[in-house]
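Computed over heavy atoms, backbone and side chain alike; hydrogens, waters and symmetry mates excluded. Bear in mind that the values here come from a model prediction, so they are computed numbers and not experimental data. Both ligands and their constituent atoms are indexed starting at 1 by order of listing.
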Amino acid sequence: MRITVIGTGYLGVTHAACLAELGFEVMALDVDTEKVAALASGRVPFYEPGLEELLGEQLAAGRLAFTTDYEELAAWAGPGAVHFVCVGTPQQRGEYAADLTYIDSAFDSLARAVAPHGPCLLVGKSTVPVGTAGRLATRIAELAPEAELAWNPEFLREGFAVQDTLRPDRLVIGVRSEAAERRLREVYARLLAAEVPLVVTDFSTSELVKVSANSFLAVKISFINAMAEVCEAAGADVMQLAEALSHDPRIGGRYLVPGLGFGGGCLPKDIRAFMARAGELGVDQALAFLKEVDAINMRRRARTVDLAREQCDGSLLGKRVAVWGAAFKPNSDDIRDSPALNVAASIHLQGAQVTVYDPKATDNARKMFPTLTYADSALEAAHHADVILHLTEWQEFRDLDPAVVAGHVRDTRVIDSRNALDAAKWRAAGWTYRALGRP
Ligand SMILES: NC(=O)c1ccc[n+]([C@@H]2O[C@H](COP(=O)([O-])OP(=O)(O)OC[C@H]3O[C@@H](n4cnc5c(N)ncnc54)[C@H](O)[C@@H]3O)[C@@H](O)[C@H]2O)c1
Ligand SMILES: O=c1ccn([C@@H]2O[C@H](COP(=O)(O)OP(=O)(O)O[C@H]3O[C@H](CO)[C@@H](O)[C@H](O)[C@H]3O)[C@@H](O)[C@H]2O)c(=O)[nH]1
């Protein structure tokens, strides 16, 4: 069986390389010619641990190829192929709803290209509003009557993309026929043999599983950040509170780390698109709580800016601020809706000179926020700083010796918005250590 993957972003490249690793012949396509050229030469144009090595192995084994041409891809794949669509579904500019232009265009191009090549299975992996698959199935039936659609949402986390793809918590497939289910069982045979749970359902449920999973994760993070707000007001310690909660197996400790909150290309836009879709379905009240989840999350960014101002004696004007971290989370260079850069930009707007350092995301950050200053190391960013903001919890920052850092700054003040530095160690080295939700 030949497999193709449409869209070679964070999700698509990982999916293509992992399917090749599972033994399939795979061809991946993107409309971005530079991205395709980089991938074909063995370079992943973003940072994802282990992915470039896997890509190199699969290219060398001859199991993986890249193209920008839908006709070439469809002819190569032939009848009986499985085509996965992994293109972006970002938030619409100025709206909560998802922008479906890329997914509509990708399915249109794919359906037209596969139509002359006999029966095949088209599989959506992108995160979409409930109802999208049903709408696309009608369109595909017009353009490529022998092609069938299935939906197979993806749950990988950036930073763990390869391991999450090869050893997922579960597989979810939305299908309309036993033939489509059988085909996807063949694709995932090795994972199923390893007892990965499989949920076989309809289109709508499969679409909803994805957005409800991300909503639940967002709820957990905002819950603990709401507790952090209360802890700040009451003089309590949210880290100890979270630890105590985590011992209750009904609650658990994962996604309960308080701090600057969630960002990235998924959680923020997915809960907003979910609210927009619920509105269209006439059940906006059911998801009204997600608005509060979003608001709690955004208040953590504002609180960090306020704390920085407080630490700078009430005004950021003319102050030198070191920002450690630009990616939305460690082990990634993704800066989509990055809380760290959001805070850095706000502080810059209040008149501070902001110097940002991130181990992997500096190039991306520089393109998006060219007016900020960028450093090549954490210590260079800290040079003559009035305050250091720790905004993305890379291991590199935890490993720094606060006594050494103290030799570079103007004032020994640090704000640990990720609650990830060793507070006792920094205080022992003479620093004024402040964190969100802790005394
Ligand atoms: N990033 C993740 O960790 C992750 C995890 C699970 C699900 N998802 C979902 O997967 C989808 C893709 O996310 P991503 O992070 O990989 O996005 P991305 O922006 O990194 O990649 C999307 C790719 O699609 C390409 N593309 C756009 N239109 C196209 C077309 N018509 N034909 C071919 N290629 C086209 C773009 O050039 C880009 O390379 C989204 O719906 C997202 O919500 C992402
Ligand atoms: O306790 C926590 C856990 C996470 N975060 C933040 O939450 C965001 C999201 O983190 P994570 O879930 O690890 O990253 P993503 O790669 O965005 O993955 C999420 O979004 C993907 C795209 O939909 C899904 O596939 C994944 O299952 C889902 O975890 C990041 O900004 C983290 O800093 C916290 O603030 N506290």
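- Contacts between Cys266 and ligand 1 below 4.0 angstrom, taking non-hydrogen atoms only, involve the side chain exclusively.
- Scanning all protein heavy atoms for the shortest distance to atom 12 (O) of ligand 2 gives Tyr255 OH, 2.7 Å.
- Among protein heavy atoms, atom 25 (C) of ligand 1 sits closest to Asp30 OD2, 3.2 Å.
- In terms of N/O distances under 3.5 Å, ligand 1 is approached by Thr127.
- Residues Val114 and Ala144 come closest through the heavy atom pair CG2-CB, 4.2 Å.
- The aromatic rings of Phe397 and Trp324 lie parallel to each other, with less than 30° between the two planes, well short of the 60° mark.
- Listed by number with element, the atoms of ligand 2 under 4.0 angstrom from any heavy atom of Arg418 are 33 (O), 35 (O).
- With Arg185 as the fixed residue, the side-chain contact (heavy atoms from CB on, under 4.5 Å) test singles out one of Leu171, Leu192, Leu191: Leu192.
- In plain terms, the two heavy atoms of Ala106 and Val85 that are nearest each other are CB-CG1, 4.2 Å.
- Numbered from 1 in the order shown, with element, the atoms of ligand 2 that lie under 4.0 Å from a heavy atom of Glu158 read 16 (O).
- If you look at Phe107 next to ligand 1, there are no close heavy atoms at all, none under 4.0 Å.
- Residue contacts with ligand 1, taken as heavy atom pairs separated by less than 4.0 Å, involve Arg336 solely via side-chain atoms from C-beta onward.
- In this structure, of Leu267, Leu156, Val257, the residue bringing a heavy atom nearest to atom 1 (O) of ligand 2 is Val257.
- Ligand 2 has no atom lying under 4.0 Å from any heavy atom of Lys220.
- Of the heavy atoms in Ile6, only side-chain atoms (C-beta onward) come closer than 4.0 Å to ligand 1.
- Asp30 places no side-chain N or O within donor-acceptor distance of the main-chain N or O of Thr68, the cut-off being under 3.5 Å.
- Residue contact annotation: Lys125 has no non-hydrogen atom under 4.0 Å from ligand 1.
- Taking 4.0 Å as the cut-off, Gly264 does not count as a neighbour of ligand 2 on heavy-atom distance.
- Closest to atom 40 (C) of ligand 1, if we only count protein heavy atoms, is Thr89 OG1, 3.5 Å.
- There is a side-chain donor-acceptor pair under 3.5 Å between Asp333 and Tyr10.
- If you check which protein heavy atom lies closest to atom 13 (O) of ligand 1, you get Leu11 CB, 4.4 Å.
- Using a cut-off of 4.0 Å between Lys/Arg side-chain N and Asp/Glu carboxylate O, Glu310 and Arg303 are scored as salt-bridged.
- Per-residue contacts place Cys266 under 4.0 angstrom from the following atoms of ligand 2 (heavy atoms of the residue considered): 20 (O), 21 (C), 22 (C), 23 (O).
- If you check which protein heavy atom lies closest to atom 22 (C) of ligand 1, you get Gly88 N, 3.5 Å.
- At distances below 3.5 Å, not a single donor-acceptor pair connects side-chain atoms of Arg413 with backbone N or O atoms of Arg434.
- For ligand 2, the atoms lying closer than 4.0 Å to a non-hydrogen atom of Asp270 are 23 (O).
- Heavy-atom contacts of Glu154 reach the following atoms of ligand 2: 25 (O) (cutoff under 4.0 Å).
- If you check the side chains of Ser417 and Thr304, you find a donor sitting under 3.5 Å from an acceptor.
- Distances from ligand 2 to the non-hydrogen atoms of Gly263 include at least one value under 4.0 Å.
- Gly9 CA, 3.2 Å is the protein heavy atom nearest to atom 21 (O) of ligand 1.
- Remark: minimum distance from atom 13 (O) of ligand 2 to any protein heavy atom is reached at Lys329 NZ, 2.8 Å.
- Salt-bridge formation is detected for the pair Glu158/Arg336: a Lys NZ or Arg NE/NH1/NH2 atom is positioned less than 4.0 Å from an Asp or Glu carboxylate oxygen.
- Using a 4.0 Å cut-off between charged side-chain N and carboxylate O, Arg135 and Asp104 make a salt bridge.
- One option in Arg300, Lys210, Arg336 has a heavy atom closer to atom 24 (C) of ligand 2 than any other, and that option is Lys210.
- Under the 4.0 angstrom criterion for non-hydrogen atoms, Arg254 is not in contact with ligand 2.
- For atom 43 (O) of ligand 1, the closest non-hydrogen atom on the protein side is Lys269 NZ, 2.6 Å.
- Taking a cutoff of 4.0 Å between a charged side-chain nitrogen and a carboxylate oxygen, Asp363 and Lys367 do not qualify as a salt bridge.
- For the ligand labelled ligand 1, residue Ser109 lies outside the 4.0 Å heavy-atom shell.
- Using a 4.0 Å cut-off between charged side-chain N and carboxylate O, Asp169 and Arg157 make no salt bridge.
- What sits closest to atom 33 (C) of ligand 1 on the protein, heavy atoms only, is Tyr70 OH, 3.3 Å.
- Checked by distance only, ligand 2 and Thr127 stay at 3.5 Å or farther apart across all their nitrogen or oxygen atoms.
- Residues Gly80 and Met1 share a closest heavy-atom pair of O-CG, 4.1 Å.
- One finds no salt bridge joining Asp337 and Lys269 here, because no Lys/Arg side-chain nitrogen approaches an Asp/Glu carboxylate oxygen to under 4.0 Å.
- No hydrogens or angles considered: nothing links the side chains of Thr67 and Asp69 as a donor-acceptor pair under 3.5 Å.
- Remark: the backbone N or O of Thr362 is not paired with any side-chain donor or acceptor of Asp358 at under 3.5 angstrom.
- Close contacts between ligand 2 and Leu217 involve ligand atoms 28 (C), 29 (O) [criterion: under 4.0 Å to a heavy atom].
- Panel note: side chain Ser338, backbone Asp334; no donor-acceptor pair is recorded below 3.5 Å.
- With atom 28 (N) of ligand 1 as the reference point, the heavy atom nearest to it among Phe155, Phe46, Phe160, Tyr102 is part of Tyr102.
- Given atom 17 (O) of ligand 2, the protein heavy atom at minimum distance is Phe328 CE1, 3.4 Å.
- A cation-pi geometry, defined here as NZ or CZ lying under 6.0 Å from the six-membered ring centre and within 45° of its normal, does not hold between Arg112 and Tyr70.
- Taking distance alone, with nitrogen or oxygen atoms compared against 3.5 Å, Phe155 approaches ligand 2 more closely than that limit.
- Residue Asn214 has at least one heavy-atom neighbour below 4.0 Å for each of these atoms of ligand 2: 20 (O), 22 (C), 23 (O), 24 (C), 28 (C).
- In terms of protein heavy-atom proximity, atom 35 (C) of ligand 1 is nearest to Val87 CG1, 3.4 Å.
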